[in-house]
Amino acid sequence: MSRIFRAAAAQMGPTQQADSREHTLGRMIVLLETAAAQGVTLVVFPELAFTTFFPRWLLAGEALDRYYERGMPNAAVQPLFDRARALGVGFSVGYAELTADGQRFNCAILVDRQGEVFGRYRKVHLPGSVEPREGARYQQLEKRYFDYGDLGFPAFRAGPDWCDAIMGMMICNDRRWPESWRALGLQGVELVCVGYNSAAYDPNGGVTEDAALRTFHSTLVAQANAYMNATWAIAVAKAGDEDGSGLIGGSCIVDPNGRIVAEAKTLADEVIVADIDLDLCRQGKDKMFNFAAHRRPEHYAVITERAGVVEPPLRQHLDAAAPASPGAKELT
């Protein structure tokens, strides 16, 4: 039997700080309905889909807390769950999570076609800084507002509605790290859902990166890592000019050979659709990236033993070397 279902990336244009939750949720429901009308049964929304990207500001108290969800679903987002269930469409969505014990995570969930949450992921690779950078035009304060994810990179087995697919999630910066993909690849992942809010400028200052380069990098990592782990990837942006800060678009659906099969054309709300043929994963998983046959983990220890770079020592120059032994030939 073929293992094919239809999925969509629901790219969102900017969500401004002044936008109401009802307005944003209404946009998401329209995207959901647009996808459902095309036969889609899985919709992937971006990172922090319900709000603006609030880590760009220095916030405290209620001005900060209002961006977090204390349960999922909750009354504010229930209309999205209700409409998705009525349409028979499942989804993945990213949001800011505040747990009962006060932990804060950049989170994403998988919701099945019956409206039940069956997968949760918390962002591991947090960019930015804890303290604002003095004199910087733009800030990135995710390390201030979120705890590091504590769930690793779990894979989830979907039900028969999605052909028992093995699915995983990443959030924004995670997609730039090959370890994220390989952790899922070693669980047999067949579809990775990635939501992002990526700056259209160098978030660390300087002029070495622009929107075009950052969009290229975003697409590059989706294609390369989908290929190297023989998995489908759905990478979805929140894009455009959000409260004066640019976000790249470039939402795309990539097949297990690293080929883009659908790609957004705008920086606005946009739905792109593809048929996800999970059997296409077999070519890579059974041949080039047959991990059991070809990986040599005994040589990869350095990957988990250190975080930073340790360079090899400098080679000794010939004129500082020890005297050559008698009869040694001079190098020419």
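Being a predicted model, the structure only gives us computed values, none of them experimental.
Relative ring orientation between Phe91 and Phe45 is described as perpendicular, the plane-to-plane angle rising above 60° on a 0-90° scale split at 30° and 60°. Ring orientation note: the planes of Tyr201 and Tyr138 are close to parallel, at an angle under 30° on the 30°/60° scale. Ring planes of Phe118 and Trp162: tilted class, angle from 30 to 60°.
A 4.5 Å side-chain heavy-atom check between Phe50 and Met28 finds at least one atom pair inside the cut-off. Arg120 is listed as a side-chain neighbour of Leu151, based on a closest heavy-atom distance under 4.5 Å. For the pair Leu58 and Leu141, the minimum side-chain heavy-atom distance is below 4.5 Å.
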Handout entry: Check against salt bridge (charged side-chain N to carboxylate O under 4.0 Å, His left out), Asp65 and Arg104
Key = CA-CA 10 Å; Asp65 291 345; Arg104 299 170 186 261; 2.9 Å; yes
Exercise for the section: Would you sort out whether Met167 and Val189 count as a side chain to side chain contact (heavy atoms under 4.5 Å, CB included), showing the intermediate values? Expected result: CA-CA 6 Å; Met167 299 173 64; Val189 74; 5.6 Å; no
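Salt bridge Lys143/Glu131: absent, no basic N to carboxylate O contact under 4.0 Å. For the pair Lys285 and Glu190, the salt-bridge criterion is not met [side-chain N within less than 4.0 Å of a carboxylate O]. The pair Arg85-Asp82 meets the salt-bridge criterion, with a side-chain N (NZ, NE, NH1 or NH2) lying under 4.0 Å from an Asp/Glu carboxylate O. For the pair Lys238 and Glu47, the salt-bridge criterion is not met [side-chain N within less than 4.0 Å of a carboxylate O].
No hydrogens or angles considered: nothing links the side chains of Ser180 and Arg176 as a donor-acceptor pair under 3.5 Å. Side-chain contact of Asn173 with Tyr196: a donor-acceptor pair under 3.5 Å is absent, judged by distance alone. Between Thr15 and Arg27, the side chains place a donor N or O and an acceptor N or O closer than 3.5 Å (distance only, hydrogens not considered). Side-chain polar atoms of Asp243 and Thr52 form a donor-acceptor pair below 3.5 angstrom. Gln11 and Asp269 are not linked by any side-chain donor-acceptor pair at a separation below 3.5 angstrom, with hydrogens and angles left out of the test.
The 12-atom threshold is not exceeded at CH2 of Trp177, counting heavy atoms of other residues, nucleotides or ligands nearer than 6.0 Å.
When the side-chain contact (heavy atoms from CB on, under 4.5 Å) test is applied to Thr99, the partners found at least two apart in sequence or on another chain are Glu97, Asp101, Gln103, Phe105, Arg122.
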